[in-house]
Each structure stands twice: as structure tokens, then as C-alpha cells.
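What follows is one structure encoded as C-alpha cells, with my remarks underneath.
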Amino acid sequence: MKFEMFKNLLKSLRFPGVLMFSVFWLASCGGGSGPSNSLSPILFVPGYGMGALHVSVSDVRGEVANFDFLLPAMNPNSIFIPPLASAQEYARQSGLRAEDLNRVAEWLKLDIASDGVASSQQGVGVRPISIGQNFSRECPRYLGMMKILASAGWVPNRNLKCVPYDYRFPPGETDFAIELERLIETSVAAANGTKATLACHSQGCLLVYHFLRTRSPEWLQEHVGLFFSLAGQFSGCSDCLRWAFQKGWSWDAKNDVVAPSDRTWVGELALGLQSSVYGDQVLYRWGGEEYRASDAQRLLREAGARDVARATDRYALERQAWFRKGAEEHIPLSVPTRVVFGTDLPTTVGFDFQRERPVDPTCGDPLCAEPYYQDYPGTIQAAGDSGDSGWMNRAPEAWLVNPLCEIREFEFVSHMDIFENPEVLRLLVANARDIPLGIDSCR
């Protein structure tokens, strides 16, 4: 009975509950001992849509708008501290005029050229609000994790930093890698040469993976001690494919009819779906037609998402040499790695649409295709973490040195709970203390 009361108390006090648990957890693992500048700097890369961006808009007359932006669907109202109560109010407080609220979606759309190259619209600038300077401002979705790691001895904004990025684009198409390299070098120098730990969540892990595949082994050997992935997304997102032919995001974070992001944002949508990950599993149905990973391009075209189909030709992971090193050539990273994720939860991997008329081969926009108007299609499910399937989560097995040791599965831990799970964070702390010092039980 007392245990149930304690659980309910933690549930009702989101961040205070995290802090309370941290006290017990800290006492049990001895966190906080030793000078903070001897710890491995932890640089954390957030998941898709969970880092804060700054948006500036100008035209021939000059500046039109200047404000900060958090994607509503990925940053629920519960993360905001009163008097702010939503992502909409956050944007307003940072400078967005009330009369421009409905213009933001249009400003953030990407232009996709005939060759599939995506770019921000003319006059629109989007960048992280800052990088590694103010964790709570840059990545408010992860404040619970930040506080737990702080209780274990890390100091936010000194040796615990967040690295937001423009998630509208796929890996390698922004300044993320350059900015991360610079931040690693300054953080390692400030830690008296102790190698950095690169931690990440979800889509952020694919960006870190790209970074690690494109730096020289010599530089990595000197600067990076550990790659720690929390529910890392190392492949195209199967259920996210629907965003390409669904209504775009809304300021209402609880609107379950619209997509979490705009259907032109190619950071998730143009990565393709690797058959090596999903095999011959049916991911979508449209009437009697079935679509597997190898059919993703055909589904996009038939659902009217021609822009994203062109971008997929350009950005698909299986076309990238850095990605093929692991997926096809099975070349390990030169950096010790830990991959953790949840299991055994029902996970939507695709959708089942009704079909009442044949595909229109001239349809080049989702508005003229049936799936756009089917707000509640049937779901196709598999086992996973309520965010990604087990097939996708286990993809790193192909390139890990010792997958039986380097992969840790956590039963019934969901995709959006894993970064505040005490057992997971104990593992992060233990590895962040040991591995940069050369103590690696898996190698």
C-alpha cells in the first residue's frame, strides 16, 4: 500500500518526483563524489523535434519575424513552467506576434527542388537557439534527465551540455557535425583531456552516428570515449512515413488528426526504409495492396507525396557511403558503444488504409489521394518501445563489436520514458565514468 502511494506521488509530481528519486538513486551509487572537471563531459543530442530552434524571417522590406520555436507534438504542455503553458505561448513570449501564429507552418516548410535537394524558403533562417550554453533552454524536454545526471556529479552547461539541431533536414545537411566537433574539442580541453561521452535519444542518435562515421579515427581516439544511444533510430521511421501524406503539424499538441511535423520536413521522411531492418514485413496496406520497406517510394508516389519521393532519391540512407559502412559492410565504429532501448510494448509500425478508387497516376500532391482524408486508418503493430519496432532498435547488431554486451534491452520501457528511467541512467553514469578512462568490459 505504501509503495503504491509512493508511485502515485511520483506520477503526480513530474519533475519533483524525478528529483526525489534522484536523491535515493544518488545515495545508492555514490554519485557526486570527485571534482566535476575530472568527469567525462556528456554532450547530449535530443530526439526529433525536441530541441529549441530560432526562426528569423525577412523580405525586401526587412525583418518580418524573429522568435524561438518548439515543435508542439514533441514538447507537450507539461514541460512548460508557468506562466507559459504551451509551445504556442513559448513562441509568443519569445517574439512571435499573435497575428503571425498561422504563418509559422508556412515559413518552416522546406522547398524541395526537382533533384530532391531540400532547402529553407528564401528569407527564412532556422538554427538552434544556442548550442551547449543553456541545457534547460535548448532542450526543455529533457530536464528530468538533466537533473538526475546533475545529482550524479555533472554540472549543466559546464560538462553536461545539450546539442540541438535543425531536425527538418537529414544528417550531413546542416552545420551540426561542425558545431558538435567544435563543442567536443572545447569540452575535452575544459575537462583536462578527459574524453567526451556522446549521448543521444531517438533521431539524435542517427546524427551522432553520422558524425562518428565521418570523423577520422585518430581524432575520435583523442576526443571521444563513449557513444551511448537511448532508443536510437538507426533507420528510416516506418510509421513516420505517413507524415508525408497527412495534414501538417498544429499548435494544438493534442490534435491526433495532424502529423507531428510538416510533410516537407525530410529529416525523418526522406531517409528510406532499409529492407535489411524491416525485411519482408508488411508496413502499409491500401485496400488489397501491400507495401513493404522496399515499396516505400512507390507508396509515397501513389499517395501524392511526390516532393518527399524526390527527396528520398537524394537522401535515402542506403545511398549514403557513411551509412553503408555499418549496414552493409559491418565495419564497427572505432568508439566504444552502448545501445539501450525498451522492448515488449505494442508499437505502431504502419497503417491500413481503405481504398475506394484506383490510384490517380497524375496526383502530385497528397490532397488528391485517398490516404490524406483518412484520419484514423487501421494500425499495423509489432513489438517495440511504443516508438520504434524491435527490428529497428536492433539494427546496430550489424556493426557492433560485441552486440551481446553492448546492447541492453529494458522490458516495458517506452521510447519517451527511457531518458528518465533510473536504471538506464545508472548504466549511462557507470559507462561515462569508466570507458573514457579505458575501462570497457565489452571490448
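Owing to the predicted nature of the structure, the values given are computational and were not obtained by experimental measurement.
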Counting distance only, does the side-chain N/O of [X] pair as donor-acceptor with the main-chain N or O of [Y] below 3.5 Å?
| X | Y | answer |
| --- | --- | --- |
| Arg292 | Asp280 | yes |
| Gln320 | Ala316 | yes |
| Glu370 | Glu356 | yes |
| Thr337 | Val335 | yes |
| Trp265 | Leu108 | yes |
| Thr264 | Leu110 | yes |

>> Between Val55 and Val104, does the side chain to side chain contact (heavy atoms under 4.5 Å, CB included) criterion hold? Intermediate values first, please.
In response: CA-CA 9 Å; Val55 181; Val104 174; over 6 Å; no
Show every salt bridge (charged side-chain N to carboxylate O under 4.0 Å, His left out) that has at least one partner inside [range], sequence neighbours left out.
| range | value |
| --- | --- |
| residues 330-341 | Arg338-Asp440 |
| residues 174-200 | Glu181-Arg215 |
| residues 404-415 | Arg394-Glu409, Glu406-Arg443, Arg408-Glu423 |
| residues 256-277 | Lys109-Asp262, Arg263-Asp365 |

> Given Tyr142 and Phe135, is the side chain to side chain contact (heavy atoms under 4.5 Å, CB included) satisfied, shown in steps?
Replying inline: CA-CA 9 Å; Tyr142 299 92; Phe135 194 115; 4.0 Å; yes
Hey, could you give me each pair passing ring-ring contact (aromatic ring centres under 6.0 Å, His included) that has a residue in [range]? Not counting sequence neighbours.
| range | answer |
| --- | --- |
| residues 290-331 | His210-Trp322 |
| residues 172-198 | Tyr165-Phe176 |
| residues 368-388 | none |

I need the minimum non-hydrogen distance between [X] and [Y], along with the two atoms involved.
| X | Y | result |
| --- | --- | --- |
| Leu43 | Ser187 | CD2-OG, 3.8 Å |
| Ala118 | Val266 | CB-CG2, 3.9 Å |
| Ala253 | Pro72 | CB-O, 3.4 Å |

Indicate whether the side chain of [X] and that of [Y] have a donor and an acceptor atom separated by less than 3.5 Å.
| X | Y | value |
| --- | --- | --- |
| Trp286 | Gln354 | no |
| Asp313 | Gln297 | yes |
| Glu138 | Ser130 | yes |

Among residues at least two apart in sequence or on other chains, which ones pass salt bridge (Lys or Arg N to Asp or Glu O under 4.0 Å) with [X]?
| X | answer |
| --- | --- |
| Asp239 | none |
| Glu289 | Arg298 |
| Arg310 | Asp307 |

> Which pairs, with at least one residue in residues 209-314 and sequence neighbours excluded, count as a disulfide bond (SG atoms under 2.5 Å apart)?
Replying inline: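 Counting only pairs at least two positions apart or across chains, the disulfide bond (SG atoms under 2.5 Å apart) contacts touching residues 209-314 are Cys237-Cys240.
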For a 4.5 angstrom cut-off between non-hydrogen side-chain atoms, does [X] reach [Y]?
| X | Y | value |
| --- | --- | --- |
| Trp399 | Tyr209 | yes |
| Met74 | Tyr167 | no |
| Pro164 | Ile129 | no |
| Phe44 | Pro46 | yes |
| Leu317 | Arg324 | no |
| Leu143 | Ile79 | no |
| Trp243 | Val308 | no |

Just list the side-chain donor-acceptor pairs under 3.5 Å for residues 380-387, sequence neighbours left out, or say none.
unit_1, atom_1, unit_2, atom_2, d
Asp385, OD1, Gly387, N, 2.8
Asp385, OD1, Asp388, N, 2.6
Asp385, OD2, His415, ND1, 3.0
Ser386, OG, Pro346, O, 3.3

>> What verdict does the ring pair (Phe, Tyr, Trp, His ring centres under 6.0 Å) test give for Phe410 and Phe341, after you've listed the backbone C-alpha separation in whole Å, the side-chain angles of each residue and the deciding distance to 0.1 Å?
In response: CA-CA 6 Å; Phe410 292 83; Phe341 52 85; 8.7 Å; no
> So does Glu329 have more than 12 non-hydrogen atoms from other groups sitting under 6.0 Å from CD?
Replying inline: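 Yes, CD of Glu329 has more than 12 neighbouring heavy atoms, counting only those of other groups under 6.0 Å.
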>> Against His201, only a single residue in Phe419, Tyr48, Phe228 fulfils ring pair (Phe, Tyr, Trp, His ring centres under 6.0 Å); can you say which?
In response: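 Answer after filtering Phe419, Tyr48, Phe228: Phe419.
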> Once the angle between the rings of Phe351 and Tyr284 is folded into 0 to 90°, is it parallel (under 30°), tilted (30 to 60°) or perpendicular (over 60°)?
Replying inline: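 Ring orientation, 0 to 90° scale: tilted.
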> In this structure, which one of Thr348, Val277, Val349, Thr347 forms a side chain to side chain contact (heavy atoms under 4.5 Å, CB included) with Ser238?
Replying inline: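 Going through the options one by one, the only one that passes is Val349.
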>> Run Leu428 and Leu149 through side chain to side chain contact (heavy atoms under 4.5 Å, CB included) and show every step you take.
In response: CA-CA 9 Å; Leu428 170 57; Leu149 293 176; 4.1 Å; yes
> Does the side-chain hydrogen bond (donor to acceptor under 3.5 Å, both in side chains) test come out yes or no for Thr197 and Ser40, once each step is laid out?
Replying inline: CA-CA 6 Å; Thr197 292; Ser40 169; 2.8 Å; yes
> Can Arg314 and Asp115 be said to form a side chain to side chain contact (heavy atoms under 4.5 Å, CB included), step by step?
Replying inline: CA-CA 7 Å; Arg314 166 68 178 79; Asp115 61 358; over 6 Å; no
> Roughly how far apart are Ile112 CD1 and Ser119 OG, rounded to 0.5 Å?
Replying inline: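 Ile112 atom CD1 to Ser119 atom OG measures 9.0 Å (nearest 0.5 Å).
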>> Ser136 vs Asn134, test: side-chain hydrogen bond (donor to acceptor under 3.5 Å, both in side chains). Steps then yes/no.
In response: CA-CA 6 Å; Ser136 60; Asn134 189 328; 3.0 Å; yes
> Where do Asp111 and Gln122 land on the side-chain hydrogen bond (donor to acceptor under 3.5 Å, both in side chains) test, with the steps shown first?
Replying inline: CA-CA 9 Å; Asp111 285 329; Gln122 187 173 4; over 6 Å; no
>> One pair to check against side-chain hydrogen bond (donor to acceptor under 3.5 Å, both in side chains): Thr362 and Asp360. What are the steps and the verdict?
In response: CA-CA 5 Å; Thr362 67; Asp360 178 359; 2.7 Å; yes
>> Less than 4.0 angstrom from a charged side-chain N to a carboxylate O is my criterion; do Arg168 and Asp166 meet it?
In response: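 Salt bridge between Arg168 and Asp166, a charged N being under 4.0 Å from a carboxylate O: yes.
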